[in-house]
K.L.:
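Below is a structure I'd like to ask you about.
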Amino acid sequence: MPSHDARNLLQCAVPTAAAGAVAVAVSGAVAGGKGALGAAVGTVLAILFMGVGLYVLQRTAKSLPMLFQAMGLMLYVAQLLLLLVFVSLFKDTSLFNPKAFAIGLVVATVVWMAAQARAHMKAKIFYIDPDSEKSEKPEKTGPPS
């Protein structure tokens, strides 16, 4: 993974993990151990889904740049649908508090998206390739005048 991709991933994962830690602490205080476990599972699930999605999106941008925008839209819709499926699957579980799970999941997802938008706006990405200007100049092939 190139350094700017790893930096982008870290700029998203660190604030999400911090927000997840706050959600775990609040859920633990409000709903006890099951609440803390639910918020932790929700946070880890969101970081996992969003991290894999970011990786897939970065690979698509490198290999098929013409599909980048469509792939990004499809990826976010698929992620949100999968997260909705997980919330609906675990809504009646007794393993952890389902409300804390849902709140941890939503908080982590929103923080990830905000951090990703911020990281993208702060990234210094070239609009043009500076080396392509040199290669596009026509060479003089005729006799010197």
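Side chains included, hydrogens not; waters and symmetry mates left out as well; all remaining heavy atoms used.
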K.L.:
Quick check: do T109 and Q79 have side-chain heavy atoms less than 4.5 Å from each other?
P.N.:
no
K.L.:
Might you point out which heavy atoms bring G42 and L105 nearest each other, and give the distance in Å?
P.N.:
O-CD1, 3.2 Å
K.L.:
Considering non-hydrogen atoms only, spot the tightest contact between T43 and A108 and give its length.
P.N.:
CA-CB, 4.0 Å
K.L.:
Could you tell me the separation between the SG atom of C12 and the CZ atom of R118, rounded to the nearest 0.5 Å?
P.N.:
10.5 Å
K.L.:
Determine the minimum heavy-atom distance between P15 and L10, stating which atoms define it.
P.N.:
CD-O, 4.0 Å
K.L.:
Determine, stepwise, if the pair L54 / W112 fulfils side-chain contact (heavy atoms from CB on, under 4.5 Å).
P.N.:
CA-CA 10 Å; L54 183 61; W112 182 283; 4.1 Å; yes
K.L.:
A side-chain contact here means heavy atoms from C-beta on lying under 4.5 Å apart; do Y55 and L9 qualify?
P.N.:
no
K.L.:
To the nearest 0.5 Å, tell me how far T16 OG1 sits from M50 CE.
P.N.:
9.0 Å
K.L.:
Hydrophobic clustering (ILVMFWY, side-chain heavy atoms < 4.5 Å, transitive) - are V106 and V41 grouped together?
P.N.:
no
K.L.:
Within this structure, what is the OH-CG distance for the pair Y76 and L57, rounded to the nearest 0.5 Å?
P.N.:
6.0 Å
K.L.:
Compare every heavy atom of A23 with every heavy atom of G104, then report the nearest pair and how far apart it is.
P.N.:
CA-CB, 4.4 Å
K.L.:
Is M74 linked to L64 within one hydrophobic cluster, defined over Ile, Leu, Val, Met, Phe, Trp and Tyr using a side-chain heavy-atom separation of less than 4.5 Å?
P.N.:
no
K.L.:
Which of parallel (below 30°), tilted (30 to 60°) and perpendicular (above 60°) describes F86 and F49?
P.N.:
perpendicular
K.L.:
So if you build clusters from Ile, Leu, Val, Met, Phe, Trp, Tyr with side-chain heavy-atom gaps below 4.5 Å, do L83 and L95 land together?
P.N.:
yes
K.L.:
According to a hydrophobic-cluster definition based on side-chain heavy atoms being under 4.5 Å apart (Ile, Leu, Val, Met, Phe, Trp, Tyr only), do I47 and L82 belong together?
P.N.:
yes
K.L.:
Quick one: CG on L84 to CG on L89, what's the gap to the nearest 0.5 Å?
P.N.:
9.5 Å
K.L.:
Same cluster or not: are V111 and V24 linked, directly or through other Ile, Leu, Val, Met, Phe, Trp or Tyr residues, by side-chain heavy atoms under 4.5 angstrom apart?
P.N.:
no
K.L.:
Looking at CG of L75 and CG of L80, how far apart are the two atoms once the value is rounded to the nearest 0.5 Å?
P.N.:
9.5 Å
K.L.:
Tell me the closest heavy-atom pair linking A119 and Q11, and the distance in Å.
P.N.:
CB-OE1, 3.0 Å
K.L.:
On a heavy-atom basis, which atom in G35 and which in A100 lie closest, and how many Å separate them?
P.N.:
O-CB, 3.2 Å
